[in-house]
**Student:** 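First, the structure itself, so that you have it in front of you.
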Amino acid sequence: MWSELLPLLAGGVAVFVGAVVQGGIGFGLGLMAAPLIAITNPGVMPGAVQVVNATLPLFTLAAEWRRIDWRGLGFALLGRLPGSVIGAVVVVYVSTSVLGVLVGVMVMVAVALTARAPAVPRNGITTTAAGFLSGITGTATGIGGPPMALVYQSARGPQIRATLALFFLVSAVQSLGILAIVGKLPARALGTGAALIPFMILGFAVSGPLRRRLDGGRLRVAVLAVATVSACTLLGQSLAR
C-alpha cells in the first residue's frame, strides 16, 4: 500500500507547487511535476501529467478567457500538431534523455539571449515555431511551456495566462489522443492523473496573491526565471538517466 501511496503523495506535492506557479505566471505545472513523477512513478509518464495539464487551464479560462490572443494562439496550434506527432515518435523510438538535454540547452540559450533584449518578437513565425517545439517536448516529456512562455514574456499577465491556458488545454488533449493511438497511455496513467487533480485545484486556489504580485510588472522576470529552472530540471533529469 505504502509503495503506491508515497509516489502519489510526492507527485501531489509537485503538482500543487506547479499549480501555484502556473496559476501565477501562466505555465510551470509540467516542469515542476514531470521530473519528480518520472523518478517516483515512471510507468505513468507522460500521460498522468497530461491529464492534469488538460484540467488546470479550465480554471484559468473561467476567470480570464476574454484576454486570449486568438491570432497568436492560431499560429501556435498550427505548429503544435506536427510537433506532437514528432513527440510521439520520440516516446516510441528515441531516448527522451537525449531530447531533454537538447531542449534544456536550447531553452537556456534562449533565456540568455532574451534576457539581454527587450523581448522575443511575437509574430506568426515565432509563435508557430514555439508551438512546434512545445508539441515535441510536451508530448514526449510533459514539459511544453517554456517555448511559448518565452514568446509571450512581454505580454500582460492576464493575456499570457489566458492564451497559454487555452493552448495547453488543446495541447494536452491532443497529446493524450496521440499517446493513446501509439499505445503509450495505460489506464494506470489516467487513474494517477485523476488522483492528482485535487492537489492541482488546491494549488490554483492559493495562487491568487502570486498573480496580483506578478501583474505589478514582475511577470517577465518570473517567466525567465521559471524557464531557466525548467531548463536546469530537464538537463538534470536527462543526464541522470
Side-chain angles (χ1 to χ4, degrees), residues 14-16 18-34 37 44-85 87-88 122 127-128 130-152 155-181 185 189-190 192-205 207 211 223 226 230:
V15 166
F16 169 81
V20 173
V21 174
Q22 183 157 321
I25 69 173
F27 80 111
L29 175 60
L31 76 90
M32 296 291 179
I37 296 175
V44 302
M45 285 293 291
V49 171
Q50 293 295 0
V51 170
V52 185
N53 281 340
T55 308
L56 177 57
L58 298 175
F59 293 85
T60 301
L61 290 171
E64 299 181 310
W65 66 271
R66 293 178 181 83
R67 303 302 182 90
I68 294 172
D69 173 20
W70 292 103
R71 182 177 182 275
L73 178 68
F75 281 114
L77 292 176
L78 181 66
R80 218 282 178 180
L81 180 57
S84 297
V85 175
R122 192 181 348 142
T127 51
T128 301
F132 178 75
L133 292 174
S134 180
I136 297 175
T137 61
T139 301
T141 70
I143 303 175
M148 286 294 296
L150 288 174
V151 171
Y152 275 90
R156 292 182 178 273
Q159 184 183 56
I160 185 174
R161 287 191 296 267
T163 305
L164 293 186
L166 187 51
F167 176 79
F168 291 148
L169 172 61
V170 175
S171 299
V173 172
Q174 189 181 87
S175 292
L176 286 169
I178 291 176
L179 290 172
I181 290 173
L185 187 63
L190 295 175
T192 300
L196 293 172
I197 289 177
F199 296 94
M200 177 274 297
I201 294 175
L202 183 61
F204 181 82
S207 67
R211 276 196 301 276
V223 167
V226 175
S230 172

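The basis for the numbers below is simple: all heavy atoms, side chains too, and nothing from hydrogens, waters or symmetry mates. Keep in mind it's a predicted model, so treat the numbers as computed, not measured.
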**Student:** Among all residues two or more places apart in sequence or in another chain, which pass the ring pair (Phe, Tyr, Trp, His ring centres under 6.0 Å) test with F59?
**Tutor:**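 Ring pair (Phe, Tyr, Trp, His ring centres under 6.0 Å) check on F59 returns F204.
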
**Student:** Can you name the side chain to side chain donor-acceptor pair (under 3.5 Å) partners of T127, sequence neighbours left out?
**Tutor:** none

**Student:** Is it the case that the side chain of S134 and the backbone of G144 share a donor-acceptor pair, with hydrogens and angles ignored and the cut-off at 3.5 Å?
**Tutor:** yes

**Student:** Strictly by salt bridge (Lys or Arg N to Asp or Glu O under 4.0 Å), give each pair with a member in residues 163-180 just once, sequence neighbours left out.
**Tutor:** none

**Student:** Please identify which of these residues, V44, V51, I37, V49, meets the side-chain contact (heavy atoms from CB on, under 4.5 Å) condition with L196.
**Tutor:** I37

**Student:** Applying salt bridge (charged side-chain N to carboxylate O under 4.0 Å, His left out), can you list everything that pairs with R67, at least two apart in sequence or on another chain?
**Tutor:** none

**Student:** Is a side-chain donor or acceptor of R161 paired with a backbone partner of T60 at a separation under 3.5 angstrom?
**Tutor:**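 No.
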
**Student:** Applying side chain to side chain donor-acceptor pair (under 3.5 Å), can you list everything that pairs with S171, at least two apart in sequence or on another chain?
**Tutor:** R80

**Student:** Report the residues that fulfil ring pair (Phe, Tyr, Trp, His ring centres under 6.0 Å) with F168, sequence neighbours left out, ordered by chain and then residue number.
**Tutor:** none

**Student:** Rounded to the nearest 0.5 Å, what separates atom CD in Q159 from atom CG in D69?
**Tutor:** 5.0 Å

**Student:** Can you run down the side-chain hydrogen bond (donor to acceptor under 3.5 Å, both in side chains) pairs that involve residues 22-34, sequence neighbours left out, and say none if there aren't any?
**Tutor:**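 Residue pairs passing side-chain hydrogen bond (donor to acceptor under 3.5 Å, both in side chains), neighbours aside: none found.
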
**Student:** Only counting residues at least two apart or in another chain, list the ones meeting side chain to side chain donor-acceptor pair (under 3.5 Å) with T55.
**Tutor:** none

**Student:** Starting at CG of L81, measure out to CZ of F132 and round the result to the nearest 0.5 Å.
**Tutor:**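 Rounded to the nearest 0.5 Å, the CG-CZ separation comes to 10.5 Å.
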
